[in-house]
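Worksheet: the structure to be examined is printed underneath.
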Amino acid sequence: MKQPAIAVTGLRKSFGDKVVLDGIDLTVQQGTIFSLLGPNGAGKTTTVQILSTLIGADAGQVRVAGHDLAAEPDAVRAAIGVTGQYSAVDGLLTGEENLVLMADLHHLGRAEGRRRTAELLGTFDLVEAARRPVATYSGGMRRRLDLAMTLVGDPKVIFLDEPTTGLDPRSRRTMWQIIRELVAGGVTIFLTTQYLEEADQLADRIAVLDHGRLVAEGTAAELKRLVPGGHIRLRFADLGGLDSAARLLGGSARDEEALTLHVPGDGGVGSLRALLARLEQAAVEVDTLSVHTPDLDDVFLALTDHPREKATSS
């Protein structure tokens, strides 16, 4: 079995009296997308800063790309790339000049640097804009260039901290496709995001961080099953059908105005088949049927909402 791309045990970090990370453990497998979710101030950016060697940890053991973070920070830096919340490109330079500069910083030879620059401009659809000042680029173009600069050094692990913040839906989906292609090529992505749909679309595994602790981890489907509220919505042609179904399916919530019945369920094929069999056996006609399951928004709110604390602070 391949060693993990990232392995973290007991990671702790405080700033003065404020505990930001309170002993978190996580494992990220190679060639996957791992997404870290959490409300503002939960410690997501601090986690990325520690794992990418930008700041030190107070305690804990970390290995990134097979290297010990504390003992081999230079080896870790050589194996990773970081795209932060805010674009790190130079607006006064052209897109091409930004990439060449990054190639020089990675000590690539002149010929190799030019080759890598041309390759990345093509990959990120920036060839036509290559010799324009970056100040003239749209937000989506700047983010694509930012990610391209991260890839100049051919990193094994990439940290993406809020990579699509401020992008329009089309630009966001373009970035998603680029990220998928990187992973298909063997790169590991550590993603933090405020867009829950982004994590749902991209991540192989998701962890939820709250008050410096990991409160849940799993696939998107596994996390959604943690939250109650799934139901099957039955709509009937008349009140008689609604009444018959309500008597048959006790504990369901009815809406007489809409002629609908909400039957609690996980939306699985087995439970749906059993429900339809009961209705058919009782000769109850259903007009339409739809399945509703909790989404990551529901998971996020259930795991990170603190109404008692909010009331106390108010």
Side-chain angles (χ1 to χ4, degrees), residues 2 5-6 28 30-34 48 51-53 64-67 74-168 170-191 193 198 201-204:
K2 294 186 296 186
I6 302 173
V28 181
Q30 294 181 35
T32 65
I33 302 176
F34 184 96
V48 171
L51 298 184
S52 59
T53 77
V64 178
H67 303 289
D74 289 341
V76 171
R77 294 185 190 107
I80 67 173
V82 182
T83 299
Q85 292 184 38
Y86 306 103
S87 180
V89 298
D90 189 326
L92 298 179
L93 300 179
T94 66
E96 184 178 48
E97 288 168 342
N98 270 278
L99 287 168
V100 169
L101 174 62
M102 188 58 65
D104 290 342
L105 292 173
H106 278 280
H107 305 293
L108 300 184
R110 180 178 176 81
E112 175 61 16
R114 293 289 180 180
R115 186 201 66 79
R116 187 70 173 140
T117 293
E119 178 185 21
L120 290 169
L121 287 171
T123 299
F124 287 86
D125 194 23
L126 292 170
V127 173
E128 292 185 4
R131 298 190 176 181
R132 284 169 36 198
V134 171
T136 67
Y137 284 17
S138 67
M141 293 169 66
R142 292 173 69 95
R143 289 307 272 172
R144 295 205 307 273
L145 178 60
D146 203 16
L147 184 52
M149 291 172 65
T150 299
L151 294 175
V152 168
D154 198 22
K156 298 176 182 177
V157 179
I158 299 178
F159 295 94
L160 299 180
D161 192 10
E162 312 284 356
T164 62
T165 296
L167 297 188
D168 62 77
R170 185 183 300 277
S171 297
R172 183 172 299 128
R173 291 183 181 277
T174 298
M175 285 292 291
W176 291 356
Q177 185 57 35
I178 290 171
I179 291 168
R180 292 188 183 103
E181 290 170 359
L182 289 172
V183 174
V187 174
T188 302
I189 302 289
F190 189 100
L191 170 72
T193 180
E198 186 162 87
Q201 288 283 336
L202 295 177
D204 298 292

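The structure displayed is predicted, hence computed values, not measured ones.
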Exercise. Which pairs, with at least one residue in residues 75-91 and sequence neighbours excluded, count as a salt bridge (Lys or Arg N to Asp or Glu O under 4.0 Å)?
Worked result: Asp74-Arg77
Seminar exercise, completed: Taken in chain and number order and not counting sequence neighbours, the residues that satisfy salt bridge (Lys or Arg N to Asp or Glu O under 4.0 Å) with Arg143 are Asp146
For this session: Please test Met149 against Leu99 for side chain to side chain contact (heavy atoms under 4.5 Å, CB included), starting from the C-alpha separation and ending with a verdict.
Result: CA-CA 6 Å; Met149 291 172 65; Leu99 287 168; 3.7 Å; yes
Exercise. Which residue pairs satisfy the ring-ring contact (aromatic ring centres under 6.0 Å, His included) criterion with at least one member in residues 138-159, sequence neighbours excluded?
Worked result: Phe159-Phe190
Seminar exercise, completed: Closest non-hydrogen contact found for Pro155 with Gly81 is CB-N, 3.4 Å
Exercise. According to the salt bridge (Lys or Arg N to Asp or Glu O under 4.0 Å) rule, which pairs have a member within residues 118-131, sequence neighbours left out?
Worked result: Glu96-Arg131, Arg115-Glu119, Arg116-Glu119
Seminar exercise, completed: Rounding to 0.5 Å, atoms CG (Asn98) and OG1 (Thr117) come to a distance of 10.0 Å
Problem set entry | Residues forming a side chain to side chain donor-acceptor pair (under 3.5 Å) with Thr83, sequence neighbours excluded | Thr150
Exercise. Do Lys156 and Thr188 come within less than 4.5 Å of each other through their side chains, counting heavy atoms only?
Worked result: no
Exercise. What's the spacing between Leu147 CG and Ile179 CD1 if we round to 0.5 Å?
Worked result: 7.0 Å
For this session: Taking all heavy atoms of Ser52 and all of Val82, pick out the closest pair and write down the distance.
Result: CB-CG2, 3.6 Å
Under 3.5 Å donor-acceptor pairs involving side-chain atoms of residues 104-111, not counting sequence neighbours:
none

Exercise. When rounded to the nearest 0.5 angstrom, what is the spacing between CG in Asp168 and OG1 in Thr174?
Worked result: 8.0 Å
Problem set entry | Distance-minimising heavy-atom pair for Ala103 and Gly113 | CB-CA, 3.8 Å
Problem set entry | With sequence neighbours excluded, residues passing side chain to side chain donor-acceptor pair (under 3.5 Å) with Thr193 | Glu198
Exercise. Which salt bridge (Lys or Arg N to Asp or Glu O under 4.0 Å) pairs, counting each pair once, include a residue from residues 178-189, with sequence neighbours left out?
Worked result: none
Seminar exercise, completed: Correct closest heavy-atom pair for Leu202 and Ile33 would be O-CD1, 3.4 Å
For this session: Compare every heavy atom of Pro163 with every heavy atom of Met175, then report the nearest pair and how far apart it is.
Result: CE-O, 4.4 Å
Seminar exercise, completed: CG of Leu121 to CZ of Arg144, rounded to nearest 0.5 Å, is 11.0 Å
Exercise. Do any pairs count as a side-chain hydrogen bond (donor to acceptor under 3.5 Å, both in side chains) and have a residue in residues 132-142, sequence neighbours left out, and if so which ones?
Worked result: Arg132-Thr136
Problem set entry | Contacts of Val187 that satisfy side chain to side chain contact (heavy atoms under 4.5 Å, CB included) - sequence neighbours left out | Ile158, Leu182, Ile189
